[in-house]
Amino acid sequence: MRDFLNEKLNELEQSNLKRELRLLEGAQSREIVINGKRVLNFCSNDYLGLAGNLQLIQAAKESLDKEGFGSGASRLVCGNMSAHQQLEKKMAEFKKTERCCLFSCGYMANVGIISSIFTREDIIFSDKLNHASIVDGIALSRAKYKRYPHKDMDALEQMLKAAKDFRKKGIITDSVFSMDGDVAPLKEIVTLAKKYQCLVMVDEAHALGVIGQDGRGLVSHLGLEEDIDIQMGTFSKAVGSYGAYCCGSKSLVEYLINKARSFIYTTGLPPAICAASLKGIEIIESDYQRRQQLWDNTYFVRGELTSAGFNTLYSQTPILPILLKDSALAVEFSNRLFEEGIFVSAIRPPTVPTNSARLRLTLMATHSVKDVEYLVRKIKEIGKYLKVIHN
Ligand SMILES: *Cc1c(COP(=O)(O)O)cnc(C)c1O
């Protein structure tokens, strides 16, 4: 056993793919202390800076005083608390769907939704860059799994045409892709889904709070609420909290409550977490300025880096990749930034495809003009030194 583990660990080490945990001291914020060093944080999904927001903390405290900490049981046994129901009601309204049900986290939502709805008689078409939790949900469902090349609608249509003799068909996509920061062609997907009678499921993890005038996500931004059967997302990113939701029809939610194993066989979320999520959604709905700052920072950094010659792929969101391809180069770039007081993680295979190692920056609403200017200056300096860009 130990030989096997060490052999595998050595392999990872040799190929620059070994990962280590880094310790964050204090709260998640635009500036954090990592391994004892104070650095600017450019790799958090806390886009709106709500993870350390005083209103969220206050909402959680009030809930703790009133409802205690743990929920004590599965929601279906005796763990269904008013904080859960309030958040579900709010999300159904916010997403303009009939109903919503909560899951403990986005990973569990995807695994539970997909594996309860699809069976071995069904077929699922999934974007090649979809999140790992979608891939795992598909594996658990035992449905036939067809990966289409990233956002390639012609390839998807060919696959749809060729798919015969399946009981149900489904297309699943992230709305914002977590490693590339680009956006799914949802309108085209909906058109194909109608033509070939498919269900559509969208993962809005990186879109909630970020996309659209009011932060409702991409489905709402494109006015596709009626056309998307299953909308899921998480409270762990822009909402600054934890947990996940699935929004859709009344029958969808009733079905999930009865059939999704990751809903049934787990303890309900602690109510204080739901109270914080609810506050986060209220802020997202009302604080337009916060989202505007996030986008101002995004446009500035993306503009500067692309004109300096960096390859930021097709990013359209606050997730900004800098493609370096080589894993060792990505790690060195990240380490040099760290020395300069900037924390940006190097993303390597298998999280991204082979030969596409990159830095993955994420902007936050709470980064100041000074923060983003310093970031851009240091990335350009190190980029020149490491010969990623020239002159
Ligand atoms: C982060 C993420 C998840 C998982 O959500 P958690 O709440 O962190 O478990 C699912 N899908 C996508 C696209 C994500 O980025």
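Atoms within each ligand, like the ligands themselves, are counted from 1 in listed order. The figures here come from the full heavy-atom set of this structure, side chains too, leaving out hydrogens, waters and symmetry mates.
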Undergrad: With heavy atoms of Tyr107 as the reference, note each atom of ligand 1 found under 4.0 Å away.
TA: 4 (C), 5 (O), 6 (P), 9 (O)
Undergrad: Are Leu156 and Asp152 close enough that some pair of their side-chain heavy atoms sits under 4.5 Å apart?
TA: no
Undergrad: Just heavy atoms, cut-off under 4.0 Å: does Met108 contact ligand 1 by side chain, backbone, both, or neither?
TA: neither
Undergrad: Among protein heavy atoms, which lies nearest atom 13 (C) of ligand 1, and at what distance?
TA: Asp203 OD2, 3.3 Å
Undergrad: Between Arg290 (side chain) and Ile284 (backbone), is there a donor-acceptor pair under 3.5 Å?
TA: no
Undergrad: Should Ser236 be counted as touching ligand 1, given the test is an N or O pair under 3.5 Å?
TA: yes
Undergrad: Please report whether ligand 1 has a polar contact with His206, defined as an N or O pair separated by less than 3.5 Å (distance criterion only).
TA: yes
Undergrad: Counting only pairs under 3.5 Å, give me each side-chain donor-acceptor contact of residues 18-26, with atom names and distances, residues two or more places apart or in other chains.
TA:
| residue | atom | partner | partner atom | Å |
| --- | --- | --- | --- | --- |
| Lys18 | NZ | Glu20 | OE2 | 3.2 |
| Arg19 | NH1 | Thr351 | OG1 | 3.4 |
| Arg19 | NH2 | Thr351 | OG1 | 2.8 |
| Glu25 | OE2 | Gly36 | N | 3.3 |

Undergrad: Side chain or backbone, does Met232 bring an N or O within less than 3.5 Å of an N or O on ligand 1?
TA: no
Undergrad: Does any N or O of ligand 1 fall below 3.5 Å from an N or O anywhere on Ser178, backbone included?
TA: no
Undergrad: Find out whether Thr298 and Leu320 are in side-chain contact, i.e. whether some heavy atom of one side chain is under 4.5 Å from a heavy atom of the other.
TA: no
Undergrad: At a 4.0 Å threshold, what atoms of ligand 1 neighbour a non-hydrogen atom of Gly106?
TA: 4 (C), 5 (O), 6 (P), 7 (O), 9 (O)
Undergrad: Output all residues satisfying salt bridge (charged side-chain N to carboxylate O under 4.0 Å, His left out) with Glu188, sequence neighbours left out; order by chain, then residue number.
TA: none
Undergrad: Considering only heavy atoms of Asp174, which atoms of ligand 1 have at least one such atom less than 4.0 Å away?
TA: 13 (C)
Undergrad: I would like to know whether Glu373 and Lys370 meet salt bridge (Lys or Arg N to Asp or Glu O under 4.0 Å); could you show each step before the answer?
TA: CA-CA 5 Å; Glu373 283 175 353; Lys370 233 176 90 201; over 6 Å; no
Undergrad: Can you tell which part of Cys105 has a heavy atom less than 4.0 Å from ligand 1: side chain, backbone, both or neither?
TA: both
Undergrad: Can you sort out which atoms of ligand 1 are near Ala205, meaning under 4.0 Å from one of its heavy atoms?
TA: 2 (C), 11 (N), 12 (C), 13 (C), 14 (C), 15 (O)
Undergrad: Please state which protein non-hydrogen atom is closest to atom 1 (C) of ligand 1 and give its distance, to 0.1 Å?
TA: Lys237 NZ, 1.4 Å
Undergrad: Would you check whether Ala244 reaches within less than 4.0 Å of ligand 1, judged by its heavy atoms?
TA: no
Undergrad: Working to the nearest 0.5 angstrom, can you tell me the gap between Cys246 SG and Ile117 CD1?
TA: 7.0 Å
Undergrad: Please examine the side chains of Thr234 and Leu208, heavy atoms only from C-beta on, and report whether any two atoms are closer than 4.5 Å.
TA: no
Undergrad: Using a 4.0 Å cut-off to any heavy atom of Ser133, which atoms of ligand 1 qualify?
TA: 10 (C), 11 (N)
Undergrad: Of Lys144, Lys168, Arg142, which is the lone residue that meets side chain to side chain donor-acceptor pair (under 3.5 Å) with Asp122?
TA: Lys168
